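As the structure is a prediction and not an experimental result, all values here were calculated from the model.
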Amino acid sequence: MQEASNRSDSYLASLRNLAAALPGTPRRVVFVSSTRVFEGRTGRRALTEVDTPAPVTPRGRTLRDGELLASELFDAHIVRPAGIYGPGREMLLRKVIEGTPVQYAKRTNRIHEADLVRTLQTLLLAEDPPRILHAVDQAPAALGEVVTYIAHQLGLSPPPKTQPDVASGTVLSGALLLTLLGTLQYPTFEAGYGHIIATRNEQASPRPDGAPGNS
């Protein structure tokens with residue numbers, strides 16, 4: 001517990017030190033937090049930006065404290081990404097390939113890294129962006145649904161369920177993000193993971209001259 005407290009103190013001290021070192025408050029600051037600030041709020045109702053965070057772990061509370069301090073010091077805009085995935089961020093693919101047990105009933109949200117980059121750029125450059133924004137795609141889903149899709153695309157059996165398979169997790173609304181961006185490049189986990197797997201297959205396929213593709 002003391003170690004968690006020290007990490008929290010360091011995290012917040014970094015923000016204070018940054019504010020002290022700058023000659024003035026930047027015209028716009030975007031603070032990247034996490035949807036983890038809602039870890040204490042479970043249920044099927046989609047949470048929006050007006051819902052109050054409910055962190056329960058030291059990490060979640062530190063993130064929420066960071067949001068509040070960034071708003072106080074920099075008048076920051078807050079963006080809360082869900083599970084970030086994309087090339088190089090393939091944890092779920094590894095779990096499926098390795099057959100790691102998964103909590104199928106867990107409610108999950110995610111955002112492809114390409115859409116997150118665009119979100120951050122828009123928040124920095126838009127004339128009047130929202131003060132708080134959930135960076136989530138348009139397809140919150142139970143984790144079991146996601147890993148089953150990945151397994152089928154890879155030609156593998158879905159990984160086993162953890163036991164007990166208890167429903168948990170949150171559902172976040174991506175309506176405000178869609179209003180800001182208009183469209184997402186990867187609006188669903190099928191679109192995002194489908195592209196990742198297709199790219200992996202292309203790289204692994206032999207080239208027409210018989211030489212292997214990139215690994």
Side-chain angles (χ1 to χ4, degrees), residues 30 32-39 46 59 63 79-125 133-163 165-178 180-215:
V30 174
V32 180
S33 179
S34 168
T35 55
R36 189 168 182 170
V37 298
F38 287 104
E39 61 194 359
R59 177 59 175 161
L63 287 165
V79 59
R80 297 168 177 155
I84 306 169
Y85 74 103
R89 292 178 176 267
E90 301 173 3
M91 179 186 67
L92 279 186
L93 269 74
R94 292 194 298 272
K95 285 188 174 184
V96 171
I97 293 169
E98 296 167 2
T100 304
V102 170
Q103 188 179 357
Y104 273 51
K106 182 177 182 180
R107 292 176 284 269
T108 63
N109 308 266
R110 58 195 45 80
I111 186 77
H112 192 284
E113 62 182 15
D115 288 313
L116 178 57
V117 169
R118 184 170 162 230
T119 298
L120 296 174
Q121 182 181 40
T122 302
L123 284 173
L124 286 169
L125 300 177
L133 183 66
H134 294 166
V136 298
D137 67 18
Q138 300 299 299
L143 189 55
E145 184 180 349
V146 182
V147 296
T148 298
Y149 172 81
I150 292 172
H152 288 167
Q153 294 301 306
L154 292 173
L156 300 173
S157 297
K161 295 180 181 180
T162 56
Q163 297 298 333
D165 189 32
V166 180
S168 63
T170 55
V171 177
L172 281 296
S173 170
L176 185 58
L177 177 64
L178 198 62
L180 180 68
L181 298 184
T183 59
L184 297 180
Q185 185 173 351
Y186 301 101
T188 67
F189 68 84
E190 293 97 337
Y193 281 111
H195 182 262
I196 292 171
I197 293 168
T199 301
R200 286 166 60 98
N201 291 340
E202 289 174 4
Q203 293 174 343
S205 298
R207 296 199 301 263
D209 60 3
N214 295 329
S215 60

For the [atom1] atom of [X] and the [atom2] atom of [Y], what is their distance to the nearest 0.5 Å?
X	Y	atom1	atom2	value
Arg89	Ile111	CZ	CD1	12.0 Å
Leu120	Leu125	CG	CG	10.5 Å
Ile150	Leu93	CD1	CG	5.0 Å
Thr119	Leu177	OG1	CG	4.5 Å

Report yes or no: does [X] contribute a side-chain atom to a donor-acceptor pair with the main-chain N or O of [Y] at less than 3.5 Å?
X	Y	value
Asn109	Val136	no
Thr35	Arg80	no
Asp115	Leu184	no
Glu113	Ile84	no
Arg118	Leu181	yes

Do you know the tightest heavy-atom contact between [X] and [Y]?
X	Y	result
Ala135	Leu116	CB-CD1, 3.9 Å
Glu190	Tyr149	O-OH, 3.1 Å
Val146	Leu92	CG1-CD1, 3.8 Å
Gly99	Pro160	O-CD, 3.4 Å
Ala114	Tyr186	CB-CE1, 4.2 Å
Arg107	Ala167	NH1-CB, 3.9 Å

Take Ile196 and Gln153 through the side chain to side chain contact (heavy atoms under 4.5 Å, CB included) test and state the conclusion after the steps. CA-CA 10 Å; Ile196 292 171; Gln153 294 301 306; over 6 Å; no

So does Glu90 pair up with Arg200, basic N to acidic O under 4.0 Å?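 Salt bridge between Glu90 and Arg200, a charged N being under 4.0 Å from a carboxylate O: yes.
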
Show the numbers, then the answer: is there a side chain to side chain contact (heavy atoms under 4.5 Å, CB included) between Leu176 and His134? CA-CA 8 Å; Leu176 185 58; His134 294 166; over 6 Å; no

Please determine which of Val171, Thr188, Leu172, Thr108 meets the side-chain contact (heavy atoms from CB on, under 4.5 Å) test together with Pro140.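 Looking at Val171, Thr188, Leu172, Thr108, the match for Pro140 under the side-chain contact (heavy atoms from CB on, under 4.5 Å) is Val171.
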
Which one of Thr162, Val147, Val166, Leu143 satisfies the side-chain contact (heavy atoms from CB on, under 4.5 Å) criterion with Tyr104?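 Exactly one pass, corresponding to Val147.
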
Show your working on side chain to side chain contact (heavy atoms under 4.5 Å, CB included) between His112 and Gln185 and close with a plain yes or no. CA-CA 8 Å; His112 192 284; Gln185 185 173 351; over 6 Å; no

For the residue pair Pro159 and Thr100, establish whether any side-chain heavy-atom pair is separated by less than 4.5 Å. no

